[in-house]
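So that the names make sense, note that chain A is the first sequence line, chain B the second, and so on, each numbered from 1.
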2 protein chains.
Amino acid sequence: MRRSFEDMKILLRQQNIKLSHHRLKVLEYLAKHHIHPTVEQIYDDLHKEIPTLSKTTVYNSLHALANAGLVRIITIEDNETRYDLEVEPHGHFKCERCGIIFNFTIDIDKISTNELNHFEIREKSVYFKGICPTCLQQVKDNDYWRIGI
Amino acid sequence: MRRSFEDMKILLRQQNIKLSHHRLKVLEYLAKHHIHPTVEQIYDDLHKEIPTLSKTTVYNSLHALANAGLVRIITIEDNETRYDLEVEPHGHFKCERCGIIFNFTIDIDKISTNELNHFEIREKSVYFKGICPTCLQQVKDNDYWRIGI
DNA sequence: TTACTTATTTGTAATAATTACAATATCATA
DNA sequence: TATGATATTGTAATTATTACAAATAAGTAA
Ligand SMILES: [Mn+2]
Ligand SMILES: [Mn+2]
Ligand SMILES: [Zn+2]
Ligand SMILES: [Zn+2]
């Protein structure tokens with residue numbers, strides 16, 4: 001249920017957010033790489049293509065896109081913010097060994113919130129941490145258990 | 001279902017974590033102030049009592065206590081880490097206006113995780129953002145709606 | 001107690017992510 | 001093409017966290 005690139009352009013136009021070259025490149029990057037990238041990753045990769053791109057512009061673009069509701073900001077670790085084009089509610093699992101962030105579907109409404117009746121909820125986040133299957137296998141092959149991860 | 005101070009001391013001794021004066025002060029602070037404080041808050045408040053306390057020690061103590069399983073690290077915003085003595089699973093609601101973080105109970109196991117069957121889950125987090133009842137009222141009294149928050 | 005060993009604390013410096021801001025470039029429209 | 005508004009850049013500032021070595025405190029056994 002991912003939005004098409006054209007739909008996103010329309011959304012941006014509706015909200016009077018200019019479709020500047022760099023913004024579209026950032027958007028395109030997110031659309032191509034569903035890996036919840038960091039600013040660093042986006043900047044490093046795009047910089048190869050667009051040598052004049054600055055990191056500030058990546059930040060600016062992501063904030064503009066987030067305000068427009070096209071991009072979701074994911075905070076799992078306090079030392080890195082990650083960005084996601086998928087704005088439909090879903091959970092995130094971060095592997096503590098390889099760092100990859102996986103999506104998983106959740107029925108967010110099953111989380112009872114009767115205690116929050118008088119709160120206005122604007123955003124819901126669910127994230128898990130642990131070890132992914134690939135890393136579990138590697139860990140089994142070696143004996144890294146001893147060192148904790 | 002909060003742990004008693006004595007129980008926590010026993011846990012620390014079991015794990016061979018020394019009950020140093022400063023660590024106990026940090027622990028005591030968390031026990032008295034269930035406000036999910038930042039390092040800054042802990043440091044500022046304790047520093048009045050213990051003028052020789054350094055911020056590094058607050059970080060060290062919190063990490064030691066977290067490793068011992070007595071303290072939970074909460075990452076909601078990427079620019080501030082918060083700490084919680086309550087390690088039983090529960091959700092957090094952060095008010096985007098006043099910044100207060102509220103607890104709420106969740107039945108974490110209701111979140112279906114069949115997609116994560118082959119993952120080893122070590123930690124689950126649920127947090128919401130929005131506006132708390134107090135702020136909603138204040139906002140209604142004024143007309144801050146216009147400015148978005 | 002004392003001497004010795006080990007862990008903690010301190011203070012400062014380094015790191016790293018993000019933001020602020022002013023100058024410059026680009027875009028949209030007339 | 002000219003004009004005004006917005007986007008982008010580059011740099012500097014800010015801020016949270018970590019690294020590290022020296023000083024201090026705590027723990028232990030004689
Ligand atoms: Mn995602
Ligand atoms: Mn809590
Ligand atoms: Zn992994
Ligand atoms: Zn509030």
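Rounded to a whole Å, the CG atom of B:Leu12 is 16 Å from the P atom of D:dA26.
The closest side-chain donor-acceptor pair between A:His90 and A:Asp84 falls under 3.5 angstrom.
Using cut-offs of 30° and 60° on the angle between ring planes, the pair B:Phe104 and B:Phe128 is tilted. The aromatic rings of A:Tyr59 and A:His63 lie tilted to each other, with the angle between the two planes from 30° to 60°.
Tracing side-chain contacts under 4.5 Å through hydrophobic residues (I, L, V, M, F, W, Y), one never reaches A:Ile74 starting from A:Val26; they form parts of separate clusters.
Side-chain nitrogen and oxygen atoms of A:Thr56 include none within less than 4.0 Å of the OP1 or OP2 phosphate oxygen of C:dT19. For A:Thr57 and D:dT9, the shortest distance from a side-chain N or O to OP1 or OP2 is below 4.0 Å. For C:dT18, neither phosphate oxygen OP1 nor OP2 lies less than 4.0 angstrom from any side-chain nitrogen or oxygen of A:His63.
Listed nucleotides D:dA16, C:dC21, C:dG11 differ in distance to B:Ser54; the shortest reach to its side chain belongs to C:dG11.
The nearest heavy atom of DNA chain C to A:Lys55 and to B:Pro51 marks one nucleotide each, and the one closer to the 5' end goes with B:Pro51. When each of B:Asn60 and A:Leu53 is assigned the nucleotide of DNA chain D bearing its nearest heavy atom, the one mapping closer to the 5' terminus is A:Leu53.
Taken to the nearest 0.5 Å, the CZ atom of B:Arg23 stands 9.5 Å off from the OG1 atom of B:Thr57.
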Between N or O atoms, less than 3.5 Å apart, protein on one side and nucleotides 25-30 of chain C on the other: list the pairs.
none

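Using a 4.0 Å cut-off between charged nitrogen and carboxylate oxygen, A:Glu120 and B:Arg97 do not count as a salt-bridge pair.
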